[in-house]
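We count ligands from 1, going down the list as the structure has it; atoms in each ligand are counted the same way.
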Amino acid sequence: MTSRRKFLETLSVTSFAIPILYSPASLFAATTEPYDGPILKVAIMGLGSYGTRVAEAMQSCKRAKLVGVISGTPSKIKKWQSKYNIPEKNCYNYENFDAIKDNPDIDAVYIITPNGLHKEQTIRVAKAGKHVISEKPMGINAQEGQEMVDVCKAANVKLLIGYRMHFEPKTVAVIQMRKDGVFGETKFFQGQSGFTIGDPTQWRLNKELSGGGAMMDIGIYSINGARYMLGEEPVWVTAQETKTDPVKFKEGIDETIQFQMGFPSGAVANCLSTYSMNNLDRFYMTGSKGFVEMQPSTGYGPIEGRTHKGPLTQPHVTHQTLQMDGMAALIFDGVQPIVPVDGEEGVKDMKIIDAIFLAAKTGEKVTL
Ligand code: NAD
């Protein structure tokens with residue numbers, strides 16, 4: 001209660017200081033106001049490190065509830081059952097989860113497994129008649145992404161991608177400022193996304209399961225960020241790859257890629273994606289009237305940043321809590337986040353990733 005009140009207080013102070021922010025208000029209302037509408041009943045598939053984070057965050061959701069699990073590890077299922085009070089009838093493994101179609105107590109499945117599995121799992125969930133939330137990257141290339149979109153459409157279920165930044169208060173505020181013309185014409189974006197990856201045996205360094213290296217995992221934040229910060233879709237890319245450790249980063253697993261994107265207005269973006277450097281989580285955007293810099297820009301938070309008007313002061317709320325309440329509002333009430341989180345949005349990023357890989361390989365400028 002105290003923290004809710006504090007959140008509301010901060011919200012009203014902030015709204016007073018910069019009244020154009022907080023759009024759409026209904027997304028925030030989903031987390032702050034009393035709620036007695038329908039609850040999105042979610043099963044998580046893949047009980048790994050990010051699945052665990054989402055499960056914890058969902059404990060504070062108002063509109064979404066963790067009610068089921070899909071896992072290949074019986075001991076994890078038992079642990080989650082007792083921790084989150086999950087009934088036996090809502091527990092599945094990777095062999096039998098198609099039976100979820102006969103379970104009216106599950107509305108949606110949140111797929112939080114390695115990237116290379118998302119497509120097949122999405123298709124199975126959609127065919128079972130349940131909404132799909134897939135983690136990013138939605139698949140391992142644009143063709144897979146498009147297939148996922150088509151199958152979900154045919155099955156008449158929603159396909160949403162885990163773009164948590166589209167619900168994050170400071171990010172939403174900056175996007176709203178850009179839409180309101182506070183930065184003038186957007187001119188330049190710089191995105192730096194990276195960390196030093198550890199264990200060489202993990203799935204993130206296995207092409208079949210990951211689809212690529214740093215770009216699929218973390219570089220995608222700079223791609224998506226460039227699009228929502230500049231408010232345009234790129235028309236060309238160029239890219240240069242550097243590999244210092246070909247044993248750890250095998251063929252098809254990018255270690256470091258610098259890439260550039262050009263936009264219809266003439267705006268340009270210059271980005272770095274890497275698995276070999278730390279302290280890279282920074283966005284900078286400048287326009288004809290002002291600028292914004294955010295660092296950290298996409299970590300779990302708090303996000304920090306400032307514009308030419310002053311610091312960004314919106315409150316930190318656990319990203320995945322806002323995301324899951326926002327996705328429930330989207331599914332039940334059609335409330336759209338400020339930037340889409342649907343399958344089509346995911347395909348846009350996948351097409352750019354495909355083009356970046358091609359540009360890095362050929363050294364050519366690739367037109368989108
Ligand atoms: P993880 O390795 O911690 O967990 C993956 C889970 O998938 C594990 O529980 C594992 O047992 C299970 N799994 C099922 N089949 C598997 C197989 N064949 N091989 C390996 N594991 C298998 O990974 P993670 O960090 O939780 O990442 C999972 C997904 O979430 C990825 O798509 C990743 O990009 C995404 N992710 C998103 C964010 C975000 O902020 N949105 C953050 C981290 C990860």
Side-chain angles (χ1 to χ4, degrees), residues 42-58 69-80 91-97 109-122 124-125 132-141 144-145 148 159-168 171 193-195 197-225 253-254 273 275 281 296-303 317-324 326-327 337 339 341 343 345-346 349-350 353:
V42 179
I44 290 185
M45 179 187 297
L47 313 183
S49 92
Y50 196 63
T52 301
R53 185 177 288 274
V54 171
E56 281 302 306
M58 283 186 72
V69 290
I70 300 156
S71 167
T73 314
S75 59
K76 278 196 215 166
I77 294 182
K78 282 271 163 283
K79 202 170 137 204
W80 280 52
C91 296
Y92 298 86
N93 59 42
Y94 292 107
E95 283 72 49
N96 69 12
F97 76 79
V109 175
Y110 194 161
I111 298 173
I112 317 184
T113 56
N115 315 335
L117 307 176
H118 294 175
K119 186 194 84 169
E120 287 311 319
Q121 290 167 342
T122 292
R124 285 174 65 187
V125 171
V132 182
I133 304 168
S134 166
E135 249 323 309
K136 45 60 49 183
M138 69 188 299
I140 59 168
N141 55 44
E144 279 202 0
M148 292 161 73
L159 170 61
L160 306 179
I161 313 301
Y163 287 122
R164 63 186 159 78
M165 300 315 296
H166 298 195
F167 301 92
E168 190 281 318
T171 305
S193 303
F195 63 93
I197 197 157
D199 179 10
T201 66
Q202 64 186 287
W203 69 260
R204 281 182 163 80
L205 300 173
N206 170 332
K207 165 97 170 139
E208 211 174 305
L209 287 170
S210 62
M215 186 63 63
M216 288 285 177
D217 192 18
I218 191 81
I220 190 171
Y221 284 97
S222 275
I223 295 170
N224 195 253
I253 298 290
D254 50 289
S273 159
Y275 262 163
D281 181 5
S297 55
T298 65
Y300 299 133
I303 301 301
V317 184
T318 303
H319 299 176
Q320 297 81 6
T321 306
L322 284 175
Q323 175 199 328
M324 293 309 291
M327 286 184 165
V339 178
V341 290
E345 171 77 5
D349 283 342
M350 297 312 304
I353 292 179

- Give the residue, atom name and distance (to 0.1 Å) of the protein heavy atom nearest atom 21 (N) of ligand 1. P114 CG, 3.5 Å
- Return yes if some donor-acceptor pair links the side-chain N/O of T321 with the main-chain N/O of A57 below 3.5 Å, else return no. yes
- Item | Residue and atom name of the nearest protein heavy atom (relative to atom 19 (N) of ligand 1), distance in Å to one decimal | L209 CD1, 3.8 Å
- Just say parallel, tilted or perpendicular for the rings of Y50 and Y300, cut-offs at 30° and 60°. parallel
- Note on the structure: A student checking ligand 1 against S49 at a 4.0 Å heavy-atom cut-off should list atoms 1 (P), 3 (O), 4 (O), 25 (O), 26 (O)
- Task: Report yes if some N/O of R164 lies less than 3.5 Å from some N/O of ligand 1; otherwise report no.
- Result: yes
- Indicate yes or no for a side-chain donor-acceptor contact from D281 to the backbone of S297 under 3.5 Å, with no hydrogens or angles considered. yes
- Do me a favour and list the nearest non-hydrogen protein atom to atom 25 (O) of ligand 1 with residue, atom name and distance? R204 NH2, 2.9 Å
- For atom 30 (O) of ligand 1, what's the nearest protein heavy atom and its distance? E135 CG, 3.3 Å
- Item | Atom of A43, atom of V69 and distance for their closest heavy-atom approach | CB-N, 4.2 Å
- Can any side-chain N or O of H319 pair as donor or acceptor with the backbone N or O of F167 at less than 3.5 Å? no
- Taking only non-hydrogen atoms of L117 and a 4.0 Å limit, the atoms of ligand 1 in range are 15 (N), 16 (C), 17 (C), 18 (N)
- For ligand 1, which part of Q320 has a heavy atom less than 4.0 Å away: the side chain, the backbone, both, or neither? neither
- Hey, does K76 come in under 3.5 Å of ligand 1, counting only N/O atoms on both sides? yes
- From I161, L160, V109, I111, residue fulfilling side-chain contact (heavy atoms from CB on, under 4.5 Å) relative to V132: I111
- Note on the structure: ligand 1 atoms nearer than 4.0 angstrom to some heavy atom of H118 are 32 (O)
- Heavy-atom proximity to atom 42 (C) of ligand 1, best of Y50, Y94, Y221: Y50
- Could you list the atoms of ligand 1 found under 4.0 angstrom from a heavy atom of G162? 41 (N)
- Message: Looking only at the side chains, is there a donor atom on one of Y163 and Q323 sitting less than 3.5 Å from an acceptor on the other?
- Response: no
- Item | Heavy atom of the protein closest to atom 32 (O) of ligand 1 (residue, atom name, distance) | N115 OD1, 2.7 Å
- Message: Nearest non-hydrogen contact with atom 29 (C) of ligand 1 belongs to which option: I44, T113, N206, I70?
- Response: T113
- Query: Has ligand 1 got any nitrogen or oxygen that is less than 3.5 angstrom from a nitrogen or oxygen of G48?
  - Reply: yes
- Message: Any side-chain to backbone donor/acceptor pair from R164 onto T298? Under 3.5 Å, distance only.
- Response: yes
- Minimum-distance protein heavy atom relative to atom 34 (O) of ligand 1: K136 O, 2.8 Å
- Query: Just heavy atoms, cut-off under 4.0 Å: does I112 contact ligand 1 by side chain, backbone, both, or neither?
  - Reply: both
- Side chain of N115, backbone of G211: donor and acceptor closer than 3.5 Å? no
- Message: Could you identify the single nearest non-hydrogen protein atom to atom 2 (O) of ligand 1 and state the distance to 0.1 Å?
- Response: W203 NE1, 2.8 Å
